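In what follows, a single structure is set out as structure tokens and then discussed.
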Amino acid sequence: MSAIHTGRHQPPERPRPMSTPEHDDPSVSAPKRTAAGIPGVVTGLRYALGKPGVTRGARALLRINQADGFDCPGCAWPEPEHRSTAEFCENGAKAIAEEATRNQADAGFFAEHSISELATWTDHRLGRAGRISRPMVRRPDSDHYEAISWNDAFALIAEQLTGLDHPDQAVFYTSGRTSNEAAFCYQLLARAFGTNNLPDCSNYCHESSGVALSETIGIGKGSVTLDDIHQADLLVIVGQNPGTNHPRMLTALEKAKKNGASILAINPMPEAGLLNFKNPQTPRGVLGGGTPLADQFLRIKLGGDHALFTAIGALLRQRGAIDTAFIAEHTSGYDDYADSTVDWEFTTAATGLTRDEIEAAADRFADSDATIVCWAMGLTQHTEAVATIQEIVNVQLLRGMIGRPGAGLCPVRGHSNVQGDRTMGIWEVPPPWIPALESEFGIEVPAEAGYHAVAAIDAMRDGRARVFIGLGGNFAAASPDTAVTEAALRQQDLTVHISTTLNRSHVVPGRTGLILPVLGRTEVDTQAAGTQFVTVEDSMSNVHASRGRLAPVSPYLLSEVALISRLGTALLGDTLPWREFEADYRAVRQHIAAVVPGFDDYEHRVRGTGFTLPHPPRDGRRFTTPDGKARFSHNRPTAPQVPAGRLLLQSLRSHDQYNTTIYGLDDRYRGIKGGRRVVFCNPDDLTELGIAADDHVDLVSEWPDGEERRAERFRVVPYPIAAGCAATYFPEANPLVALSATAKRSNTPVSKAIVVRLEPAGR
Ligand SMILES: Nc1nc2c(c(=O)[nH]1)N[C@H]1C(S)=C(S)[C@@H](COP(=O)(O)OP(=O)(O)OC[C@H]3O[C@@H](n4cnc5c(=O)[nH]c(N)nc54)[C@H](O)[C@@H]3O)O[C@H]1N2
Ligand SMILES: Nc1nc2c(c(=O)[nH]1)N[C@H]1C(S)=C(S)[C@@H](COP(=O)(O)OP(=O)(O)OC[C@H]3O[C@@H](n4cnc5c(=O)[nH]c(N)nc54)[C@H](O)[C@@H]3O)O[C@H]1N2
Ligand SMILES: [Mo]
């Protein structure tokens, strides 16, 4: 299918670069081999103390991830039971600083800067504008946002929604920072209104993990606890960069190493956080040389993991290193699972690894009594992502590495409550507990699934969707095929962005556009019944409370729960208990307890350090699949096809960004300073392509639809990345990803598998 020329709409404009190359001239030095330590803490403190003003920042830092404080809005890594006084990391500090900033995009700001002017700003500059301080509206044909009252804003949304021909013409997107309470209210609002159109950032993130795990072990969540990580004797970290994206995970890895674990890292890039770690919270980390982390590093080609894990599975069977009792008692499909020969020619070509390296990795699995495999976006954003993750499940099942201490499957989640949002029903698929929701609230929910994120863009582009509401996030910048997505948003009758800070989505409004500002996680939330807390679920299914501690940056802000409740009243009237929800979040939790399995006695159990949700495979080797067994999958290994003269490009995160929020222009561990338009390439590939270090190139992507997409002017940086592969930053790379290029079965854009050619830059 062509993503571009279908439907009755005009082909969109050519993709354009999202930041201005002239302002982007990075300096390049050698990549670092050690993550965190003193420079990390100092950098984090500089952000947190320097930006919001000293007392505000320091007060915030001391409350991060404490039992009586707020959950760090950085990542979803769990908190240890005995928390150190500073249970935060450099990048958590940056996330706090971003939210606690005193900069405000207020009414004066929007009067001064037109929407068309703001559209020319870089993402970094947009973010610097700071917190949105009151509700703003862009009226049809106006080039400015102007202030609007909350009541008028809710009336406007209700009028547009009730004017639709069908509820399915509305899209209710969610990002993963939303609390359980807000998420539950939001899905109730959408479903009571009559649609399951609840796409979320999970569709772009760990959807492939959810699909792969649900099909094989019966539940789409990871099966390990933090204690398991500490007790493992082999930790495999594949397709993940914890030094930047989950820095607190390094503390757990260090502890595991002290307990005797070995670490196998699998990545096309030698990421600093995988190789060496200095823990800023121990004297040794502060004074000493740090802990070497990876015992073996496999510099794999992009997309080579499917072939690698197929080979490892075969080698384990050849050696008889399998848990026959577990396989017999707890699994099905073993007999159909591929035979145990390894096609070495295919495997070494697909992985870029030698046979010896792969044999040595298989030895580690065979020798381990407690193996955990951790992964993130390096696996989920590929065409064969689901099959690849299922190959990892196969290997773990062969060895019986699930439901026992120190062993299991560990998809490391991104956004701090992305897993909780799913648990609360933020999902385009109606969850199994819908009948309970229906009887609890006396509503009827449509049976058909709604749009996932990519399908939502399709529907908006084709005129099947006319209203877009985003609860957090930055849909314009996080989505693939930027030009298509922006055009789709612009042609909506109404776009509503429920946001904390200014971002790119705000500058591509629909005919009418609203920006509705909300309290952040760090801020005190006071309602009729007093000060409220919210709850979140981390990557290991622990549910706990989060209490904001800072004074709100503006008196006009609503909490997300209050906002959704008032919209609910405006749209659906008092048929549902919206007013109770807003006044006292205990009312929301009471209904969650009645509807969502695992939340009995929620209010009581979530106090203190919280509780852990049930996970049948982890808790008792019970598998909630149709036959009650864990399933072996039979997938033929594949590898991405890259024509001669082309490179396979991945888009990843720099050290100074949180997804589409750009904190700064450095990527310290990779040696980049003062800019983002860089492309990391293997030196041998550059020689072969006749491109010199420091040349500037355009990235031109090539897809089966024949349509070319271009991102302009990137500085070439020679880097020890696997041969045939290249890397650049997200979201600058998003214009290159065709909307139709998604992972099989999970529909996640293949942001890590972009076939490109490098052309000399136009200027
Ligand atoms: N500071 C900070 N923290 C964050 C975020 C942030 O932007 N900033 N984002 C949050 C979110 S939403 C998420 S989802 C997570 C993301 O966490 P990560 O998944 O760590 O994020 P990426 O930067 O996309 O890094 C992908 C890693 O996988 C590797 N990789 C890419 N392709 C392949 C492959 O084919 N095979 C293998 N083996 N490796 C591959 C890349 O080289 C890179 O090291 O982080 C969360 N935490
Ligand atoms: N090419 C490419 N594309 C990708 C990826 C990639 O690796 N490569 N990664 C994908 C992944 S893993 C993800 S998760 C998505 C991320 O997609 P999103 O979650 O949509 O994007 P974010 O950048 O995290 O959203 C940032 C915005 O959220 C708002 N915000 C922050 N905190 C709050 C809050 O507490 N409440 C509310 N209401 N709003 C808040 C702020 O206005 C901020 O501008 O991007 C995906 N896109
Ligand atoms: Mo994510």
Side-chain angles (χ1 to χ4, degrees), residues 73-77 89-92 94-95 98-99 123 126-127 131-132 173-179 182 200-206 237-247 265-269 271 273-274 298 300-305 308 375-382 388 412-416 418 453 470-480 497-506 515-522 560 563 640 648 650-661 663 721-722 725 727 729-734 736-737 748-749 751-754:
C75 71
W77 190 256
C89 70
E90 170 189 2
N91 279 339
K94 291 182 197 166
E98 195 72 15
E99 191 171 292
D123 293 314
L126 286 172
R131 293 287 296 275
I132 323 256
Y173 176 74
T174 311
S175 170
R177 216 180 263 191
T178 291
S179 64
D200 72 335
C201 69
S202 247
N203 297 143
Y204 292 155
C205 187
H206 265 294
I237 301 165
V238 46
Q240 195 204 342
N241 179 21
T244 286
N245 297 314
H246 303 90
I266 306 171
N267 200 300
M269 323 233 327
E271 305 282 27
L274 294 172
L298 295 178
I300 197 165
K301 280 190 178 175
L302 288 167
D305 310 86
L308 173 68
W375 70 91
M377 296 305 101
L379 290 193
T380 63
Q381 299 175 336
H382 282 280
T388 303
V412 182
R413 303 278 164 180
H415 266 299
S416 50
V418 64
L471 178 57
N474 183 0
F475 194 72
S479 297
H497 296 291
I498 301 164
S499 310
T500 49
T501 52
L502 189 68
N503 68 43
R504 181 148 306 272
S505 296
H506 304 136
I515 310 177
L516 304 182
V518 284
L519 293 173
R521 203 54 82 73
T522 55
E560 291 180 339
L563 187 156
L648 196 59
Q650 64 157 322
S651 56
L652 41 55
R653 290 150 174 80
S654 84
H655 196 64
D656 267 4
Q657 74 182 83
Y658 193 90
N659 298 340
T660 69
T661 301
Y663 303 134
I721 186 172
C725 303
Y729 300 127
F730 137 63
E732 284 81 351
N734 293 46
L736 295 169
V737 184
T748 297
S751 311
K752 303 277 192 278
I754 312 168

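For ligands, and for the atoms within them, numbers begin at 1 and follow the listed sequence. Remember, it's a predicted structure, so these values are computed and weren't measured experimentally. Because only heavy atoms are used, hydrogens play no part in the values below, and waters and symmetry mates are left out as well, while side chains stay in. One is the number of the first residue; the rest follow in order along the sequence.
Distances from atom 36 (N) of ligand 2 to the heavy atoms of Glu99, Arg177, Lys752, Glu560 put Glu560 nearest. Across the listed options Gln650, Gln657, His246, Gln650 owns the non-hydrogen atom lying nearest to atom 41 (C) of ligand 1. The closest heavy-atom contact to atom 44 (O) of ligand 1, among the options His206, Gln381, Lys94, Glu271, comes from Glu271. Of the candidates Tyr658, Tyr663, Trp375, Tyr729, Tyr658 brings a heavy atom nearest to atom 10 (C) of ligand 1. Relative to atom 20 (O) of ligand 1, the option among Thr380, Asn241, Val238 with the closest non-hydrogen atom is Asn241. Within the set Leu302, Asn659, Asn245, the minimum heavy-atom distance to atom 9 (N) of ligand 1 is found for Asn659.
Distances below 4.0 Å separate heavy atoms of Gly472 from the following atoms of ligand 2: 37 (C), 38 (N), 39 (N). Every atom of ligand 2 is numbered from 1 in the order shown, and the set under 4.0 Å from a heavy atom of Ser175 is 18 (P), 19 (O). Residue-ligand proximity, Thr244 to ligand 1, at heavy-atom distances under 4.0 Å covers atoms 1 (N), 2 (C), 3 (N). Using a 4.0 Å cut-off to heavy atoms of Asn503, the atoms of ligand 2 that qualify are 27 (C), 42 (O), 43 (C), 44 (O). Near Tyr204, meaning under 4.0 Å from one of its heavy atoms, ligand 2 places the atoms 10 (C), 11 (C), 12 (S), 46 (C). Within ligand 2, counting atoms from 1 as listed, the ones closer than 4.0 Å to a heavy atom of Ser499 are 39 (N), 42 (O). Ligand-side atoms of ligand 2 in range of Thr660: 22 (P), 23 (O), 26 (C), range being under 4.0 angstrom from any heavy atom. Counting atoms of ligand 2 from 1 in the listed order, those under 4.0 Å from a heavy atom of Ser651 are 1 (N), 2 (C), 7 (O), 8 (N).
Taking OG1 of Thr500 as the reference point, atom CD1 of Ile515 lies at 11.5 Å (rounded to 0.5 Å). To the nearest 0.5 Å, the span separating CG on Asn503 from CG on Asp123 amounts to 8.5 Å. To the nearest 0.5 angstrom, Cys725 atom SG is 5.5 Å from Leu648 atom CG.
Considering backbone and side-chain N/O atoms, Ser479 never comes within less than 3.5 Å of an N/O atom of ligand 2. Taking any N or O of Gly473, backbone or side chain, at least one lies under 3.5 Å from an N or O belonging to ligand 2. For the pair Phe475 and ligand 2, the shortest N or O to N or O distance does not fall below 3.5 Å. Polar contact check, Cys205 against ligand 2: no nitrogen or oxygen pair lies under 3.5 Å apart. Backbone and side-chain nitrogen or oxygen atoms of His506 are examined, and none is located within less than 3.5 angstrom of a nitrogen or oxygen of ligand 2. Checked by distance only, ligand 1 and Leu652 stay at 3.5 Å or farther apart across all their nitrogen or oxygen atoms. Checking only distances, Arg521 never comes within under 3.5 Å of ligand 2, N or O to N or O.
Between the side chains of Lys752 and Gln381, at least one donor-acceptor pair of N or O atoms lies under 3.5 Å. Neither side chain, Thr388 nor Asp305, offers a donor N or O lying under 3.5 Å from an acceptor on the other. No side-chain N or O of Ser651 forms a donor-acceptor pair with one of Tyr729 less than 3.5 Å apart. Donor-acceptor pairing under 3.5 Å is recorded for the side chains of Thr660 and Asn474. Residues Asn659 and Arg653 bring a donor and an acceptor atom of their side chains to less than 3.5 Å of each other.
Aromatic pair Tyr658/His415: ring centres closer than 6.0 Å.
The residue His497 has no part lying near ligand 2, judged by heavy-atom distances below 4.0 Å. Heavy atoms from both the backbone and the side chain of Thr501 come within less than 4.0 Å of ligand 2. Contact annotation: for Ala733 versus ligand 2, there are no heavy atoms closer than 4.0 Å. Only the side chain of Phe730 comes within 4.0 Å of ligand 2, counting heavy atoms alone; its backbone N, CA, C and O stay farther away. Neither the backbone nor the side chain of His655 has a heavy atom within less than 4.0 Å of ligand 1.
For the side chain to side chain contact (heavy atoms under 4.5 Å, CB included) with Glu271, the lone residue among Thr244, Leu652, Ile237 that qualifies is Leu652.
Given atom 38 (N) of ligand 1, the protein heavy atom at minimum distance is Asp305 OD2, 2.9 Å. Looking only at protein heavy atoms, the nearest one to atom 19 (O) of ligand 1 is Met377 N, 2.9 Å.
In this structure, Thr661 contributes its side chain and Gln657 its backbone to no donor-acceptor pair below 3.5 Å. In this structure a side-chain-to-backbone donor-acceptor pair under 3.5 Å is missing from Ser416 to Arg177.
Under the 4.0 angstrom criterion for non-hydrogen atoms, Asn734 is in contact with ligand 2. Using a 4.0 angstrom heavy-atom cutoff, Arg653 counts as in contact with ligand 2.
The aromatic rings of His206 and Trp375 sit perpendicular to each other, their planes meeting at more than 60°, with 30° as the lower class boundary.
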> Can Glu560 and Arg521 be said to form a salt bridge (Lys or Arg N to Asp or Glu O under 4.0 Å), step by step?
Replying inline: CA-CA 10 Å; Glu560 291 180 339; Arg521 203 54 82 73; over 6 Å; no
